[in-house]
Asker: 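Just dropping this structure here.
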Amino acid sequence: MQFIDKYFWVFSTFLVPTLYILVATAFYLLMYTWKNKEWASHKIQPENLTTTQLKRELLYSTISLGIFAGTGFLVYGLYKNGLTQLYLNPAHFGFPYLFVSVLLMIFFHDMYFYWTHRLLHFPGLYRSIHRVHHLSTNSSPFTSLSFHPVEAIIQAAVLPLMVVIIPAHPYALFVFLFYMVYKNVRGHAGFEFTTAATRNAKRNFLHSYSIHHNIHHAHGRANYGLYFTLWDRLMKTFRKE
């Protein structure tokens with residue numbers, strides 16, 4: 001575990017930016033270049049992405065990545081000063097807890113994202129901050145971190161908050177962060193491969209699909225959640241199609 005302790009600053013600072021670049025680029029190349037014609041019927045909004053949109057998204061995403069990197073370094077600073085619940089020995093809480101801690105982080109982030117997202121839709125905050133994200137009504141993989149800098153700070157702040165509250169091993173944190181980036185990029189990718197019957201099945205009814213978040217971008221309301229539809233259903237903000 002000395003290796004993790006020694007290089008945790010690299011892990012905490014650069015993991016999210018690296019994952020985002022790799023995942024978002026892979027989704028874009030796969031869906032908008034290599035399989036574009038083959039998967040055209042699965043594109044939720046048939047309009048093509050514009051060069052203007054992509055340039056804007058890449059610019060704001062670059063700024064957001066810098067903010068996420070800075071927040072990651074803050075996590076390292078908190079860790080080195082003993083202010084987090086991070087631990088290096090997996091046996092400290094038992095190996096089953098590694099899985100449980102990932103679930104705790106996912107549910108915590110889903111709650112955090114829903115309520116900060118709702119807050120950013122208040123008229124004043126929407127016009128001055130969140131509107132940048134919603135300039136992409138036809139979302140793409142790079143829309144996922146196309147934030148106003150203030151929104152990027154708000155969304156990145158969940159990481160230091162989370163490690164202060166939830167005991168987590170770096171391995172569990174890595175799994176969570178990978179899933180976070182994947183789910184965010186996938187939700188904005190603009191393609192849906194499931195059927196309405198699958199999405200409405202009882203076993204899947206709390207799962208948030210790409211089409212749900214695409215509806216949010218197309219209409220500017222409803223479907224504020226990230227991983228699940230739980231909070232949207234509880235707060236009557238869920239829209240199926």
Side-chain angles (χ1 to χ4, degrees), residues 12 14-32 44-45 49 53-54 56-69 71-72 75 102-103 105-121 129-130 132-162 173-194 206-218 222-232:
S12 62
F14 297 109
L15 181 62
V16 171
T18 301
L19 285 174
Y20 176 77
I21 292 169
L22 292 176
V23 175
T25 301
F27 268 79
Y28 179 79
L29 290 175
L30 184 64
M31 295 179 170
Y32 290 87
I44 302 168
Q45 298 184 47
L49 301 178
Q53 175 181 334
L54 286 174
R56 182 185 66 247
E57 290 177 347
L58 289 172
L59 172 62
Y60 279 109
S61 289
T62 301
I63 297 171
S64 295
L65 289 178
I67 291 169
F68 270 81
T71 306
V75 168
V102 173
L103 295 180
M105 288 186 281
I106 290 172
F107 278 97
F108 181 87
H109 188 209
D110 193 61
M111 177 185 67
Y112 180 92
F113 184 87
Y114 179 86
W115 287 107
T116 55
H117 195 183
R118 284 292 302 273
L119 179 66
L120 287 167
H121 272 265
I129 299 173
H130 194 48
V132 168
H133 187 63
H134 274 275
L135 290 173
S136 301
T137 55
N138 183 17
S139 64
S140 81
F142 297 112
T143 307
S144 48
L145 286 188
S146 181
F147 294 145
H148 185 284
V150 173
E151 181 169 3
I153 292 172
I154 291 171
Q155 297 306 337
V158 72
L159 299 178
L161 181 62
M162 187 179 294
L173 187 60
F174 171 81
V175 173
F176 162 73
L177 291 175
F178 178 83
Y179 184 66
M180 178 190 78
V181 172
Y182 166 80
K183 186 64 176 177
N184 196 12
V185 172
R186 182 70 188 91
H188 287 91
F191 284 75
E192 183 57 72
F193 296 92
T194 64
L206 285 181
H207 184 75
S208 180
Y209 289 90
S210 297
I211 193 169
H212 295 148
H213 200 69
N214 197 274
I215 288 169
H216 176 78
H217 272 266
N223 300 347
Y224 298 96
L226 177 58
Y227 305 107
F228 311 108
T229 62
L230 175 63
W231 286 102
D232 279 303

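Here the structure is a predicted model, which means the values were calculated and not measured. Just so you know, residue 1 is the first one in the sequence shown, and it goes up from there.
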Asker: Would S210 and R186 satisfy side chain to side chain donor-acceptor pair (under 3.5 Å), going step by step from the backbone distance to the final call?
Answerer: CA-CA 7 Å; S210 297; R186 182 70 188 91; 2.9 Å; yes

Asker: Which heavy atom of D110 sits nearest to which heavy atom of L226, and what is that distance?
Answerer: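 Closest heavy-atom pair between D110 and L226: OD1-N, 3.4 Å.
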
Asker: Do L19 and F68 make a side-chain contact, defined as non-hydrogen atoms from C-beta onward lying under 4.5 Å apart?
Answerer: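 Heavy-atom side-chain distance check fails, nothing below 4.5 Å.
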
Asker: How long is the span from the CD1 atom in I154 to the CG atom in L119, to the nearest 0.5 Å?
Answerer: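 These two atoms lie 6.5 Å from each other.
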
Asker: For H207, give me all partners under ring-ring contact (aromatic ring centres under 6.0 Å, His included), at least two apart in sequence or on another chain.
Answerer: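 Expected list: Y209.
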
Asker: With rounding to the nearest 0.5 Å, note down the distance linking CD1 in I63 to CD1 in I67.
Answerer: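 Reported to 0.5 Å precision, the distance equals 7.0 Å.
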
Asker: Over all heavy atoms of both residues, which pair between P141 and V185 is shortest? Give the atoms and the distance, please.
Answerer: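 For P141 and V185, the tightest heavy-atom pair comes out as CB-CG1, 3.9 Å.
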
Asker: Locate the shortest heavy-atom distance separating L49 from Q53; write the atom from each residue and the value.
Answerer: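 So the minimum-distance heavy-atom pair works out to CD2-NE2, 3.7 Å.
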
Asker: Angle between ring planes, H188 versus H133, binned at 30° and 60°: parallel, tilted or perpendicular?
Answerer: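 Ring orientation of H188 relative to H133: perpendicular.
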
Asker: Can you label the angle between the H109 ring and the F113 ring as parallel, tilted or perpendicular, going by 30° and 60°?
Answerer: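 Correct class here is perpendicular.
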
Asker: Are the aromatic rings of Y227 and Y179 close, with centres under 6.0 Å apart?
Answerer: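 Under 6.0 Å, so yes.
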
Asker: Can you check whether Y224's main-chain N or O pairs, donor with acceptor, with D232's side chain at less than 3.5 Å?
Answerer: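 Answer holds: yes.
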
Asker: Determine the minimum heavy-atom distance between F147 and V132, stating which atoms define it.
Answerer: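 Looking at all heavy atoms of both residues, the shortest contact is C-CG1, 3.9 Å.
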
Asker: Below 30° counts as parallel, above 60° as perpendicular, anything between as tilted: where do the rings of F191 and F193 land?
Answerer: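 Geometry flag for F193 against F191: parallel rings.
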
Asker: Under 3.5 Å, side chain of S140 to main-chain N/O of F142, donor-acceptor pair present?
Answerer: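 The answer is yes, because a donor-acceptor pair under 3.5 Å joins these two groups.
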
Asker: Please tell me if the side chains of F176 and L159 come closer than 4.5 Å, counting only heavy atoms from C-beta onward.
Answerer: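 Touching, per the 4.5 Å side-chain cut-off.
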
Asker: Can you label the angle between the F228 ring and the F107 ring as parallel, tilted or perpendicular, going by 30° and 60°?
Answerer: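 The arrangement is parallel - the two ring planes meet at less than 30°.
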
Asker: Please step through side chain to side chain contact (heavy atoms under 4.5 Å, CB included) for the pair N223 and T229, ending with a clear verdict.
Answerer: CA-CA 7 Å; N223 300 347; T229 62; over 6 Å; no

Asker: Can you measure from CG (L135) to NE2 (H148) and round to the nearest 0.5 angstrom?
Answerer: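 Output value for this atom pair is 11.0 Å.
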
Asker: So that I know where these two stand, are H121 and H130 an aromatic pair - ring centroids less than 6.0 Å apart?
Answerer: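 Under 6.0 Å, so yes.
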
Asker: Is it true that a side-chain atom of S64 and a backbone atom of L145 form a donor plus acceptor pair closer than 3.5 Å?
Answerer: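 Between the backbone of L145 and the side chain of S64 there is a qualifying donor-acceptor contact (under 3.5 Å).
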
Asker: Are S136 and E57 side-chain neighbours, meaning at least one heavy-atom pair lies under 4.5 Å?
Answerer: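 Of all side-chain heavy-atom pairs linking E57 with S136, at least one is under 4.5 Å.
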
Asker: Can you tell me if K183 uses its side chain to pair, donor with acceptor, with the backbone of S208 under 3.5 Å?
Answerer: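 Yes, the answer is positive, given that a donor and an acceptor are paired below the 3.5 Å cut-off.
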
Asker: Does one side chain, of Q45 or N214, offer a donor that lies under 3.5 Å from an acceptor on the other?
Answerer: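 The criterion, which ignores hydrogens and geometry beyond distance, is satisfied for N214 and Q45.
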
Asker: Does one side chain, of R56 or Y60, offer a donor that lies under 3.5 Å from an acceptor on the other?
Answerer: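 Side-chain D/A pair, R56 to Y60: absent.
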
Asker: Nearest 0.5 Å, what's the CG-CE distance between L177 and M105?
Answerer: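 Atom-to-atom, L177:CG and M105:CE are 7.5 Å apart.
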
Asker: Determine, step by step, whether Q155 and L120 satisfy the side chain to side chain contact (heavy atoms under 4.5 Å, CB included) criterion, reporting the C-alpha distance in whole Å, the side-chain angles of both residues, the deciding distance to 0.1 Å, and the verdict.
Answerer: CA-CA 11 Å; Q155 297 306 337; L120 287 167; 4.1 Å; yes

Asker: Donor-acceptor pair, E192 side chain versus I211 backbone, under 3.5 Å?
Answerer: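 At least one qualifying donor-acceptor pair exists.
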
Asker: Can the ring centroids of H216 and H212 be said to lie less than 6.0 angstrom from one another?
Answerer: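 Between H212 and H216, which both carry aromatic rings, the centre distance is not below 6.0 Å.
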
Asker: Would you find a donor on one side and an acceptor on the other, under 3.5 Å apart, between the side chain of S146 and the backbone of S61?
Answerer: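 Absent.
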
Asker: Under the side chain to side chain contact (heavy atoms under 4.5 Å, CB included) criterion, do Y114 and L230 qualify, and how do the steps go?
Answerer: CA-CA 10 Å; Y114 179 86; L230 175 63; over 6 Å; no

Asker: Can you give the donor-acceptor pairs under 3.5 Å from side chains of residues 25-32 to other protein atoms, not counting sequence neighbours?
Answerer:
{"from": "T25", "atom 1": "OG1", "to": "I21", "atom 2": "O", "distance (Å)": "2.6"}
{"from": "Y32", "atom 1": "OH", "to": "A189", "atom 2": "O", "distance (Å)": "2.6"}

Asker: What heavy-atom pair brings A69 and P17 nearest, and what distance separates the two atoms?
Answerer: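 What the structure gives for the nearest pair is CB-CG, 4.1 Å.
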
Asker: Locate the shortest heavy-atom distance separating S144 from N184; write the atom from each residue and the value.
Answerer: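 The answer is O-ND2, 3.2 Å.
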
